[in-house]
Novice: 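I'd like to ask you about the structure that follows.
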Protein chains: 2
Amino acid sequence: MSRKRANSHDVAKLAGVSRTTVSFILNRVTGVQIPEETRRRVWEAARQLNYYPDAAARSLASGKSHVIGLILCQQADHLAADLFLPEVLRGITDNARGWDFRVLLETVANVSAPDAYLSLARERQIDGIVISGPRSDDQQLGQLVAEGFPLVLQGRLRGADIPFVDVDNVAGAKQAVAHLIRLGHQRIGLITNAPLHYTASEDRYRGYRQALSEAGIAYDEALMRQGDFVEESGYQAMRELLGLPTRPSAVFVASDVVAFGALAAIREQGLRIPQDMAVVGFDDIRLAPYMHPPLTTVHLPAYELGWQAGDLLLQLIRGETPMRTAVLLPTELVIRRSCGARARQKD
Amino acid sequence: MSRKRANSHDVAKLAGVSRTTVSFILNRVTGVQIPEETRRRVWEAARQLNYYPDAAARSLASGKSHVIGLILCQQADHLAADLFLPEVLRGITDNARGWDFRVLLETVANVSAPDAYLSLARERQIDGIVISGPRSDDQQLGQLVAEGFPLVLQGRLRGADIPFVDVDNVAGAKQAVAHLIRLGHQRIGLITNAPLHYTASEDRYRGYRQALSEAGIAYDEALMRQGDFVEESGYQAMRELLGLPTRPSAVFVASDVVAFGALAAIREQGLRIPQDMAVVGFDDIRLAPYMHPPLTTVHLPAYELGWQAGDLLLQLIRGETPMRTAVLLPTELVIRRSCGARARQKD
DNA sequence: TCGTGTTACTAACGCGTGTTACTATTATAT
DNA sequence: ATATAATAGTAACACGCGTTAGTAACACGA
């Protein structure tokens with residue numbers, strides 16, 4: 001028993017064929033005629049020698065690494081508050097696995113660093129890249145796009161014509177606010193999920209305004225506050241809204257995590273939810289059904305988001321021209337107790 | 001302007017030296033004497049040609065991929081409930097980056113699949129591996145260990161002598177329960193974070209029993225329930241404890257997520273926390289300070305966990321013999337409102 | 001018998017780098 | 001003047017695979 005790794009040459013020798021034939025057979029190359037018996041012999045030899053083709057040699061020869069990069073651009077705090085990452089990861093790795101691709105992960109706190117992830121592409125370590133939470137001030141992004149490197153954004157970037165996968169934030173927010181209006185609310189506050197220069201944040205803000213507009217309710221800037229990803233920002237924003245001369249009767253918080261802080265602020269004032277203040281969130285994090293009260297919120301298909309991003313990217317890598325390079329996934333309003341509508345106890 | 005990627009040969013030509021010299025200079029090989037002027041010329045040529053060494057060729061030649069694998073073995077539901085993944089990822093990628101290593105991520109729902117991640121190692125795609133949430137029935141794991149492949153577990157596996165990084169679950173749980181005892185509680189319930197065959201779960205159970213034992217309180221099996229990662233399991237378990245003829249006056253829930261379900265169950269019965277039922281959790285998830293009431297819990301250093309796992313693995317890859325192959329990170333009890341001790345309002 | 005396919009392969013090149021062993025030149029010591 | 005050592009490199013092999021172009025053997029119809 002040799003201690004050394006077997007290579008395709010060893011397999012070829014044992015099977016009594018050439019290395020070329022081994023390659024043809026193990027890679028299931030089509031258009032080559034090889035009798036079943038020979039194929040069997042080669043497979044058996046490979047099994048016997050415990051042969052695994054060397055990934056580096058394969059990449060070098062084929063020019064493809066069979067790896068895609070996933071870049072997380074959120075800064076530390078925001079990343080930690082992203083409760084969907086596990087699902088997104090699962091979605092993208094599941095899809096990649098189906099095409100024999102692997103996923104390389106990189107976290108990038110500072111997008112404007114000279115070489116945060118560009119070298120991954122330049123060194124040919126990856127065949128394509130998914131960028132989660134892209135920033136418009138990202139120089140490298142523009143370069144990669146210009147070079148025609150396969151690239152998909154997870155989260156939209158306004159003003160750039162780059163393939164992306166995102167949730168329909170406008171429609172989702174609109175749905176949430178329309179629901180509150182339907183319940184009779186006229187003064188509806190808004191706490192955004194993040195500063196408005198984030199596309200998702202702006203979109204949810206738009207949805208809010210559209211819903212108001214279509215119901216003939218005037219937009220009142222006094223009722224709007226900007227959240228900042230984390231619970232604390234929701235807590236603070238809500239306190240401000242509660243301190244208003246005439247406070248709103250309902251509030252749409254464009255992030256469940258931020259809403260979690262808002263709920264705490266409302267309870268702290270001794271107000272009842274939803275009687276004194278109705279709340280609708282966004283994201284439908286796992287904890288939402290168990291909040292106090294269970295949170296009405298807009299469901300976000302996290303797994304699907306990752307899966308679709310992978311799908312789109314792999315199409316680009318294969319050189320296909322996808323029918324849609326702009327994928328907007330639908331959301332769904334999940335009605336629980338915090339909005340005041342009748343609903344089941346949990347979930 | 002040539003459209004093709006530059007390779008080291010091109011750089012050599014432009015700088016007027018041999019390819020070998022280029023390699024020496026760009027890789028900062030020590031023990032080779034080259035005047036500053038030549039070095040400058042080569043660096044300049046590389047810059048000018050926008051040269052990035054090919055990762056595959058480099059791996060093939062050196063036998064090292066400079067990539068480590070991170071395998072997430074939790075099944076879908078449990079993975080989604082793992083709120084620390086982003087922090088752990090950040091810890092491990094941060095560390096890896098410092099040594100010029102990348103992180104390849106794989107999710108594995110079914111550990112007993114014939115080749116869930118083994119091929120990553122066999123194909124030489126990675127130089128080492130971190131396995132998060134290892135299972136004792138994992139065949140591949142044993143194989144890798146037997147082959148001497150650099151491997152670190154994140155989460156302990158009892159009965160196997162494999163390098164690991166984990167949090168000190170026993171001490172943490174003990175600390176939590178001792179705190180409740182100090183507050184005067186005698187009948188203290190336990191809801192585990194997961195079934196007991198999970199090492200972390202068993203350890204926290206042990207810590208619970210140790211604390212009782214040292215206080216001279218008899219262990220009462222009737223007060224113990226097994227959680228199962230998710231909120232719902234905590235909700236159900238708590239309902240059972242509340243249905244007991246004489247219910248406990250406090251409960252230690254060995255997971256904040258599970259505790260979140262338990263809190264909902266307690267409130268549903270109209271009981272007050274902590275007056276009617278004190279609660280201490282485990283993990284210190286971000287939402288803990290904003291729960292109703294803010295949850296007293298055992299802080300878990302997630303970033304550090306990832307960082308240390310990477311550190312240990314990279315030592316093994318470098319062929320060093322780490323001074324400790326068993327890393328137990330300390331926890332810290334964070335006192336908030338749910339336990340009934342006096343504390344600041346938030347955090 | 002000759003030419004044309006068809007079947008079942010193989011020889012050999014190319015991918016781009018790391019690295020060892022070796023050389024040519026110059027400086028220094030004897 | 002000659003031996004020795006330091007300096008500044010280079011030639012050439014190895015890494016393991018994918019892939020193109022080509023070939024030997026045989027069948028078969030004209």
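Atom set for the values below is all heavy atoms of this structure, side chains included, hydrogens, waters and symmetry mates excluded. If you're wondering where the values come from, they're calculated on a predicted model, not measured in any experiment.
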Novice: The criterion is salt bridge (charged side-chain N to carboxylate O under 4.0 Å, His left out); which residues satisfy it with A/R41, sequence neighbours excluded?
Specialist: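 A/E37.
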
Novice: Stepwise, does the salt bridge (charged side-chain N to carboxylate O under 4.0 Å, His left out) test hold for B/D54 with B/R5?
Specialist: CA-CA 10 Å; B/D54 185 283; B/R5 255 167 72 84; 3.5 Å; yes

Novice: According to the Watson-Crick and G-U wobble definition with distances under 3.5 Å, which dot-bracket string, read 5' to 3', encodes DNA chain C, using [ ] for crossing pairs and | for pairs with another strand?
Specialist: ||||||||||||||||||||||||||||||

Novice: Suppose we screen for salt bridge (charged side-chain N to carboxylate O under 4.0 Å, His left out). Which residues come up paired with A/R58, at least two apart in sequence or across chains?
Specialist: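 Listed in chain order: nothing, the list is empty.
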
Novice: Assign a letter to each nucleotide of nucleotides 12-19 of chain C from its 5' end: B, base within under 4.0 Å of a protein heavy atom; S, sugar-phosphate only; -, no contact.
Specialist: B-BBBBBB

Novice: In chain order, what residues pass the side-chain hydrogen bond (donor to acceptor under 3.5 Å, both in side chains) check against A/Q143, with sequence neighbours excluded?
Specialist: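 A/Q143 satisfies side-chain hydrogen bond (donor to acceptor under 3.5 Å, both in side chains) with A/R122 only.
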
Novice: Output the distance between atom CG (A/L118) and atom CD (A/E123), rounded to the nearest 0.5 Å.
Specialist: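 Result: 9.5 Å between the selected atoms.
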
Novice: Going by side-chain hydrogen bond (donor to acceptor under 3.5 Å, both in side chains), name the residues that satisfy it together with A/Y51, two or more places apart in sequence or in a different chain.
Specialist: none

Novice: Below 4.0 angstrom, which residues in residues 32-49 of chain B have at least one non-hydrogen atom near DNA chain C?
Specialist: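 Those residues: none at all.
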
Novice: Could you give the distance from CG (B/L79) to CG (A/L85), rounded to the nearest 0.5 Å?
Specialist: 9.0 Å

Novice: When you list every nucleotide of DNA chain D with an atom under 4.0 Å from a heavy atom of chain B, which one comes first 5' to 3', and which comes last?
Specialist: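 Under 4.0 Å from chain B, the extent on DNA chain D is D/dT7 to D/dG16.
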
Novice: Quick one: list whatever passes salt bridge (charged side-chain N to carboxylate O under 4.0 Å, His left out) with A/D94, sequence neighbours left out.
Specialist: A/R97

Novice: Can any side-chain N or O of B/D166 pair as donor or acceptor with the backbone N or O of B/R156 at less than 3.5 Å?
Specialist: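 Side chain of B/D166 to backbone of B/R156: a pair is present.
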
Novice: Quick one: list whatever passes side-chain hydrogen bond (donor to acceptor under 3.5 Å, both in side chains) with B/R158, sequence neighbours left out.
Specialist: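 Listed in chain order: B/E202, B/D203.
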
Novice: So, using salt bridge (charged side-chain N to carboxylate O under 4.0 Å, His left out) as the criterion, who are the partners of B/D137 when residues are at least two apart?
Specialist: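 B/D137 satisfies salt bridge (charged side-chain N to carboxylate O under 4.0 Å, His left out) with B/R135 only.
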
Novice: Hey, could you give me each pair passing ring pair (Phe, Tyr, Trp, His ring centres under 6.0 Å) that has a residue in residues 61-110 of chain A? Not counting sequence neighbours.
Specialist: A/H66-A/F101, A/H78-A/F229

